[in-house]
Amino acid sequence: MKILVCVKRVVDYNVKARPKADGSGVETANVKMSMNPFDEIAVEESVRLKEAGTADEIVAVSMGVAQCQETLRTALAMGVDRGILIETDAELQPLAVAKLIKAVIEKEKPQLVLLGKQAIDDDANQTGQMFAAFLGWSQGTFASKLTVAGESVEVAREVDAGTEILSLQLPAVITTDLRLNEPRYVKLPNIMKAKKKPLDKLTPEELGVDVSPRLTVLKVTEPAQREAGIKVANAAELVGKLKNEAQVI
Amino acid sequence: MSALVVAEHLDNKLNPATLAAITAAQALGTGVDVLVAGLDCGAVAEAVAVVDGVNKVLRAESEAYAHPLAEDIAPLIVQLAPSYSHVLAPATTTGKNIMPRVAALLDVAQISDIIGVESPDTFLRPIYAGNVIATVRSSDPIKVITVRGTAFAAASSHGGSADVETVDTTESTGLSSFVRADFTASDRPELTSAEIVVSGGRGMGNTDNFKLLEEIADKLGAAIGASRAAVDAGFVPNDYQVGQTGKVVAPKLYIAVGISGAIQHLAGMKDSQIIVAINKDEEAPIFQVADYGIVGDLFEVLPQLSAELDKLKS
């Protein structure tokens with residue numbers, strides 16, 4: 001089968017995000033950018049499915065500014081066969097991203113689409129569900145295990161109450177959770193090889209997708225910061241403070 | 001126009017996160033209707049009907065809704081949505097699964113995980129693991145919203161007297177089917193609504209050592225949580241995870257044991273009223289948000305804490 005995997009370029013998870021001085025957005029100038037960690041898990045899973053003989057081709061798609069190519073190259077170095085960049089300087093919100101991915105799916109006709117359950121920048125957790133809806137496809141969100149069997153895929157989902165197992169009719173959209181796998185480290189020879197793999201460029205206009213934002217960010221602020229409290233010497237002192245000072249027990 | 005809240009329920013019990021979503025809906029200044037979709041969900045519909053401030057309960061009974069499959073529930077909500085200005089659901093794994101599908105079918109943006117209502121079209125939501133709060137305005141005719149349960153008080157579960165109306169159901173799409181659930185059984189309070197939470201991290205070392213936390217939790221009537229590291233290591237199941245991508249909790253008292261305090265974990269607990277940290281590394285970032293900290297070996301501190309709690313009771 002053919003797999004499409006969607007990857008987003010985000011502020012690296014080790015960077016503490018800060019609002020810009022004018023409150024218009026988050027500071028991203030001179031900040032380390034990486035592949036969204038959940039998408040990395042999606043890429044790893046797709047490569048494992050290819051290594052297991054379940055998949056025969058993996059295509060990665062990313063969208064946004066020209067530098068998203070770097071994110072695609074990382075995916076290619078991990079084992080993806082080719083990349084598609086939908087290049088635009090426009091702000092892309094999940095609904096628009098879902099429309100762009102739908103357009104790519106209609107061109108590429110994959111049987112399985114993998115992507116992270118959420119991006120660690122906007123924490124929206126929407127995109128996979130949205131394009132599954134556009135296509136009338138099944139969806140397995142928060143996946144911690146997946147097993148392809150014939151015309152269906154069985155997915156273990158990490159839900160609030162524990163784990164839920166669903167059977168999805170293919171084609172399907174899977175959004176990946178933390179414990180699906182542990183992504184591999186990319187080796188240098190693979191980085192070199194990835195530079196030669198095909199990477200096509202498209203634009204939202206070429207795909208006929210209107211990406212106008214529906215949400216306006218009026219401002220961004222830092223939340224109220226907690227102040228460090230005090231150190232107590234032992235459990236007895238702690239219980240005393242919790243009982244008499246904080247009055248929470 | 002009113003707001004529609006999608007109720008969440010399991011085993012004939014209303015998920016309390018629904019009550020927080022009802023409060024958020026009331027903040028919009030419109031009337032609030034609640035959709036209860038399920039199979040044999042009459043008891044839940046009756047429970048919602050007496051929630052304070054609910055105008056009307058829409059009950060949708062079908063085999064197709066026996067499990068909250070996004071593919072089958074979303075079309076039902078989409079069918080009802082045109083009569084409403086807002087459609088809200090708790091930002092639980094169920095709400096997060098279903099609502100973007102609803103938003104897409106309505107061709108509107110979703111506003112995820114709101115923590116405040118500024119006006120009927122403007123909302124506050126955390127981004128970047130809660131390190132930044134965004135104020136966003138929606139220009140869509142219907143606002144599809146998920147609500148962070150800890151950010152809104154629960155609506156009172158009595159005092160209301162709404163009518164229960166049966167609504168037309170939609171057909172099963174057959175796209176997905178429920179196979180089975182492995183849900184964690186526990187007599188302890190539910191993590192996201194517990195007044196006290198005791199959480200363990202990598203420092204706990206193994207599954208067995210979590211018994212030390214269980215002992216403390218039982219004495220405090222607390223729920224047990226964990227950091228991602230403890231879940232990844234297999235000490236406890238995934239539903240214990242507190243953090244950016246796990247559960248968000250804001251109890252009266254949060255006790256973090258053997259948790260270093262990565263920003264992703266802080267995102268899930270930093271709105272707790274009082275935070276206690278027990279960690280042997282005095283440089284651990286958890287101490288920067290803790291009201292009370294003990295620098296020490298948790299295997300010495302926990303038994304002492306247990307004994308002190310006994311003294312308190314006697």
Side-chain angles (χ1 to χ4, degrees), chain A residues 11 16-17 19 26 93-95 98 118 120-126 129-130 132-134 137-139 141-142 144 154 158-169 178-179 214-223 226 228-232 234-236 238-239 241-243 246 248-249, chain B residues 10 70-71 74 92-93 96-97 100-101 103-105 108-110 112 127-140 175-184 220 228 232 237-239 245 252-253 263 270 273-274 276 287-295 301 304-305 308-309 312:
Chain A
V11 171
K16 189 171 188 286
V26 169
Q93 295 180 350
L95 187 70
Q118 73 190 67
I120 60 162
D121 50 4
D122 64 7
D123 285 332
N125 196 331
Q126 301 174 4
Q129 296 91 311
M130 283 182 158
F134 288 142
W137 286 14
S138 59
Q139 67 183 50
T141 50
F142 325 136
S144 61
E154 195 169 276
E158 293 202 352
V159 296
D160 289 339
T163 306
E164 180 187 71
I165 321 285
L166 297 181
S167 175
L168 310 178
Q169 202 184 88
L178 292 169
R179 281 165 285 275
R214 306 293 186 85
L215 301 176
T216 311
V217 176
L218 300 180
K219 63 174 177 187
V220 302
T221 53
E222 251 180 291
R226 285 188 85 98
I230 57 164
K231 298 268 170 45
V232 295
N234 52 43
L238 175 65
V239 169
K241 294 279 189 196
L242 292 177
K243 170 103 181 126
V248 287
I249 59 171
Chain B
L10 181 68
E71 297 87 339
T92 55
T93 48
K96 289 172 181 175
N97 188 41
R101 211 164 163 112
L105 294 172
V108 301
Q110 175 179 299
S112 293
I127 55 175
Y128 289 87
N131 283 308
V132 180
I133 307 298
T135 306
V136 296
R137 183 161 63 204
S138 165
S139 58
D140 285 317
L175 290 171
S176 64
S177 55
F178 175 84
V179 178
R180 67 174 187 279
D182 298 322
F183 290 167
T184 311
L220 290 168
R228 177 190 168 182
D232 281 358
N238 66 276
D239 50 291
T245 70
K252 271 194 336 194
L253 172 61
I263 52 173
K270 66 183 162 68
Q273 194 184 323
I274 296 289
V276 170
F287 288 118
Q288 290 164 18
V289 299
D291 298 281
Y292 304 108
I294 297 184
V295 180
V301 176
Q304 289 162 4
L305 179 58
E308 290 298 327
L309 291 173
L312 198 64

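A note on names: the letters A, B, ... follow the listed sequences, proteins ahead of strands, and every chain is numbered from 1.
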Can you say whether B/L220 sits under 4.5 Å from chain A via the side chain, the backbone, both, or neither, judging by heavy atoms?
side chain
Select one option (side chain, backbone, both, neither) describing which atoms of B/L312 are under 4.5 Å from chain A's heavy atoms.
side chain
Side chain, backbone, both or neither of A/P223 within contact of chain B (heavy atoms, under 4.5 Å)
both
Can you name the side chain to side chain donor-acceptor pair (under 3.5 Å) partners of A/T163, sequence neighbours left out?
B/N238
CG of A/L238 to CG of B/L305, rounded to nearest 0.5 Å, is 6.0 Å
Would you mind checking which part of A/L95 comes under 4.5 Å of any heavy atom in chain B, side chain (CB onward), backbone (N, CA, C, O), both or neither?
side chain
Just wondering, do A/V26 and B/I127 contact through their side chains at under 4.5 Å, heavy atoms?
yes
Does a salt bridge link A/K241 with B/D291, judged by any charged N lying under 4.0 Å from a carboxylate O?
no
State which residues pass side chain to side chain contact (heavy atoms under 4.5 Å, CB included) with B/A290; sequence neighbours excluded, sorted by chain then number.
B/I275, B/A277
At a heavy-atom separation under 4.5 Å, does A/V248 approach chain B through its side chain, its backbone, both, or neither?
both
With a 4.5 angstrom heavy-atom cut-off, is it the side chain or the backbone of A/A161 that approaches chain B, or both, or neither?
both
Going by distance alone, is a donor N or O of one side chain under 3.5 Å from an acceptor N or O of the other, for B/S112 and A/N125?
no
May I have the step-by-step check of side-chain contact (heavy atoms from CB on, under 4.5 Å) for B/T93 and A/F142, ending in yes or no?
CA-CA 8 Å; B/T93 48; A/F142 325 136; 3.6 Å; yes
Nearest 0.5 angstrom please: B/L105 CG to A/Q129 CD, how far?
12.0 Å
So, the part of A/V159 with a heavy atom under 4.5 Å from chain B: the answer is both
Checking A/I249 against chain B: side chain, backbone, both or neither under 4.5 Å from a heavy atom?
side chain
Kindly confirm or rule out a cation-pi arrangement of A/K231 over B/F287, judged by NZ or CZ under 6.0 Å from the six-membered ring centre and within 45° of its axis?
yes
So what's closer than 4.5 Å to chain B heavy atoms on A/Q126: side chain, backbone, both or neither?
both
Under 3.5 Å: donor-acceptor pair, side chain of A/Q139, backbone of B/E71
no
Of the non-hydrogen atoms in B/L175 and A/S138, which two are nearest, and what is the gap between them?
O-CB, 3.5 Å
Chain B heavy atoms under 4.5 Å from A/L166: which part of the residue, side chain, backbone, both or neither?
both
